[in-house]
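The block underneath contains the structure these notes are about, expressed in structure tokens.
Computed from heavy atoms alone, side chains included, the values below leave out hydrogens, waters and symmetry copies. Here the structure is a predicted model, which means the values were calculated and not measured. Lettering follows sequence order; numbering is per chain, from 1.
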Protein chains: 2
Amino acid sequence: MKKITIKEIAEMAGVSKATVSRVLNDSKYVSPEIYSRVMKVIEETGYKPSFIARSLVNKKTKVVGLLIPDISNPFYSELVKGMVEVANKYDYNILLCNSFFNQKKEMDFLKLLWEKEVEGIIFMTHEITNKHRKFFEKYTRPTVTVNRKFWGFDIPNVDIDNFLAGYDATEYLVKQNHHRIAIVRAPLSDETAGVERYEGYKKALEDYGIDFDEKLVKEGNFKADTGYKAMEDLLELDSPPTAVFCVNDEMACGVINCVVEKGLKVPEDISVVGFDDIPLASMFIPSITTIRQPIYDMGALSMELMYKMIKGEKVESKTYVLPHKLVVRQSTMKNE
Amino acid sequence: MKKITIKEIAEMAGVSKATVSRVLNDSKYVSPEIYSRVMKVIEETGYKPSFIARSLVNKKTKVVGLLIPDISNPFYSELVKGMVEVANKYDYNILLCNSFFNQKKEMDFLKLLWEKEVEGIIFMTHEITNKHRKFFEKYTRPTVTVNRKFWGFDIPNVDIDNFLAGYDATEYLVKQNHHRIAIVRAPLSDETAGVERYEGYKKALEDYGIDFDEKLVKEGNFKADTGYKAMEDLLELDSPPTAVFCVNDEMACGVINCVVEKGLKVPEDISVVGFDDIPLASMFIPSITTIRQPIYDMGALSMELMYKMIKGEKVESKTYVLPHKLVVRQSTMKNE
DNA sequence: TTGTAGGCGTTATCAC
DNA sequence: GTGATAACGCCTACAA
């Protein structure tokens, strides 16, 4: 079953291809009679113009490329949801690339997105490397990052104030009378969850005159089991913490699981604060006190920025900071 | 910065476009000297052939369309992960369409995917309607469904045996000595989670001589709060259930939350079984006994089938049944 | 208002 | 082996 083309429609309607094209594109210069005659044929045949051919002419694929590390991670999937909703609003589609945290794949995908001539790229990576820099020196189409500032490049970024968020979480625990507060952070290669939130944590301790203790700093990779492992270590300390701040909710789950399995209680024995406020956080027992990131909104905003850039509007290449919020639930309480 | 084309490369290398094209496509009919001369120019200029133009001539977009209800739902996002991994293996990309459970959007997306000339469509919908049927009567490119048999059409489907899974979950509870077993199922418009698993539940009761009690049947929409609500109702019964089977894990969470908030315990007072085995199920406290669906594998298989069909290989248009498995955890125990 | 013709960047089919 | 040249399906001056 050969695909119907504009030529056939033209012949069937007894007009030229140009006229059919005009009808298709709602040009004003077509008489009502011809318009309806052509429309009739189009509907009868179920003709659908080829996006490919169109793209070739007008350079608009109506597709934006999305590069993320892991679609099955609830943080990213919520982000993507915000993006697709906005993209749809503007009749854009998303070409999904999942890097699985693999740098080589990331670079391959970037090249691919370029070749496929997406109109722009929204990308998220664990760490920005020189390869990325090299790529984006040549790639001049609209680009937006989320959660990762691309220093030295003309690329807008959508994020929260991670330093302040880390500060807020810690300050809250301090005010709950906790003095030994541990942190489970990401690797330092992660600028936001490894460095900035961590710095906020340290600054809060400092501001409230609490000595920083390196033994209370653990590193995880965002997965629950690394939170669990971190907590195991912390509990073996001579003087274990009374509160733990985790830079994401899944690790907080792991921490709580560990505490409970050791026969202790959350929050009675140990308070736990998470980060992100993924759906899990409120469903968990105990529900988890956490820093809410407006994840959906971040996704939506990044796509709005992308669209503006595609339209040719100027957007500042700064970090667009969205508000975070401490959500107090059952996993924390005042320290006696 | 104008994009470089094959024509420029040809001129710079002092050959014809045809030759450049041959180099690009690894045709054997090019002399080594010319080959390297052309390659040099390509590398120096960073030239990337246009996928669009290519697609126009050879009809291969190397893209498959994916239509799902909600990317932020952990079940779907895991499924998608399986798909992208396989798609990547074959150098295919995924155009992501999120219908938000909206039928009109679904149909719009299907049309769009057709226009964008994706090489195939994998689609998931809550309910297959006549509009879908009408569409797929005309759409002849490869199509695969997941979790939804498209009766009467030549379309393969990937799924588990939902009837048996419902049976297994119920039978397990019966063997744990439970006699009043409630079910929180999906709406009956949902053939798998609303009907088949429910039928399995009923059959198990029947086989073990337990009277079916309509009061113990509740309906939810897969969200935790509907599970919570269902449990509230169940607890108000004169003779409440001692066990609850939920057709997904999130509703099971809601059920457990309700039980706990009413001052009862899981599993001591009430056993709860979920379905899917999303990551949450094992992290939850208590960890949730559930029916594991091989979600990732289902995604992977559906894309493998898609690829075969694209290649022109014949694939049976049957339901490809993957194995499910009861995973016993802490949310269930023997009834005294 | 409508038609003609050229072009978008490739690949494929011929000759040479 | 290599080079013209005609598609691929559509849009858009330019003419009429």
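dC10(D) atom P lies 11 Å from atom CG of Asn25(A), rounded to whole Å. Put simply, CD1 on Ile4(A) is 13 Å from C1' on dG9(D), counting in whole angstrom units. Whole-Å rounding puts the Tyr29(B) OH to dC14(C) C1' distance at 14 Å. With rounding to whole Å, Leu56(A) atom CG is found 12 Å from dC10(D) atom P. Rounded to an integer number of Å, the gap from Glu8(A) CD to dG9(D) P is 8 Å. Residue Ile42(B) contributes atom CD1, which lies 10 Å from atom P of dT10(C) at whole-angstrom precision. Ile52(A) has its CD1 atom 15 Å from the C1' atom of dT11(C), to the nearest Å. Summarising the geometry, the separation between NZ on Lys7(B) and C1' on dC8(C) is reported as 12 Å, rounded to the nearest angstrom.
Rounding to the nearest 0.5 Å places NE2 of His126(A) at 11.0 Å from OG of Ser99(A).
Toward the 5' end of DNA chain D, the nearer of the two residues Tyr35(B) and Lys59(B), judged by each one's closest nucleotide, is Tyr35(B).
Within 4.0 Å of Tyr47(B), counting heavy atoms only, lie sugar-phosphate atoms of the nucleic acid but no base atom.
Taking the six-membered ring where the residue is Trp, Phe123(B) and His132(B) present tilted rings, their angle falling between 30° and 60°. By the 30° and 60° cut-offs, the orientation of the rings of Phe150(B) relative to Phe153(B) is tilted.
In this model, the phosphate group of dC10(D) is not approached by any side-chain N or O of Arg54(A) to a distance below 4.0 Å at OP1 or OP2.
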Nucleotide N/O to protein N/O under 3.5 Å, stretch nucleotides 3-7 of chain D:
from, atom 1, to, atom 2, distance (Å)
dG3(D), OP2, Ser16(B), N, 3.1
dG3(D), OP2, Ser16(B), OG, 3.3
dG3(D), OP2, Thr19(B), OG1, 2.5
dG3(D), N7, Arg22(B), NH1, 3.4
dG3(D), N7, Arg22(B), NH2, 3.2
dG3(D), O6, Arg22(B), NH2, 2.5

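One axis for each end of the helix from dT1(C)-dA16(D) to dC16(C)-dG1(D), each built from five base pairs, and the angle between them comes to 40° at 10° resolution.
Ion pairing of Lys40(A) with Glu44(A) is present here, as a side-chain N (NZ or NE/NH1/NH2) and a carboxylate O approach within less than 4.0 Å. A salt bridge links Arg148(A) with Asp190(A): the closest approach of a Lys/Arg side-chain nitrogen to an acidic carboxylate oxygen falls below 4.0 angstrom.
With no hydrogens or angles considered, no side-chain donor-acceptor pair links Glu117(B) and Ser55(B) at under 3.5 Å.
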Just do the side-chain contact (heavy atoms from CB on, under 4.5 Å) check on Tyr92(B) and Met303(B) with the steps written out, would you?
CA-CA 10 Å; Tyr92(B) 270 74; Met303(B) 189 58 78; 5.8 Å; no

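Of the listed nucleotides (dC11(D), dC10(D), dG1(D)), dC11(D) has the atom at the smallest distance from the side chain of Ser21(A).
With a 6.0 Å radius and a threshold of 12 heavy atoms from other residues, nucleotides or ligands, Lys104(B) has its NZ atom at or below the threshold.
Under the rule for a side-chain hydrogen bond (donor to acceptor under 3.5 Å, both in side chains), Lys105(B) has no partner lying at least two apart in sequence or in another chain.
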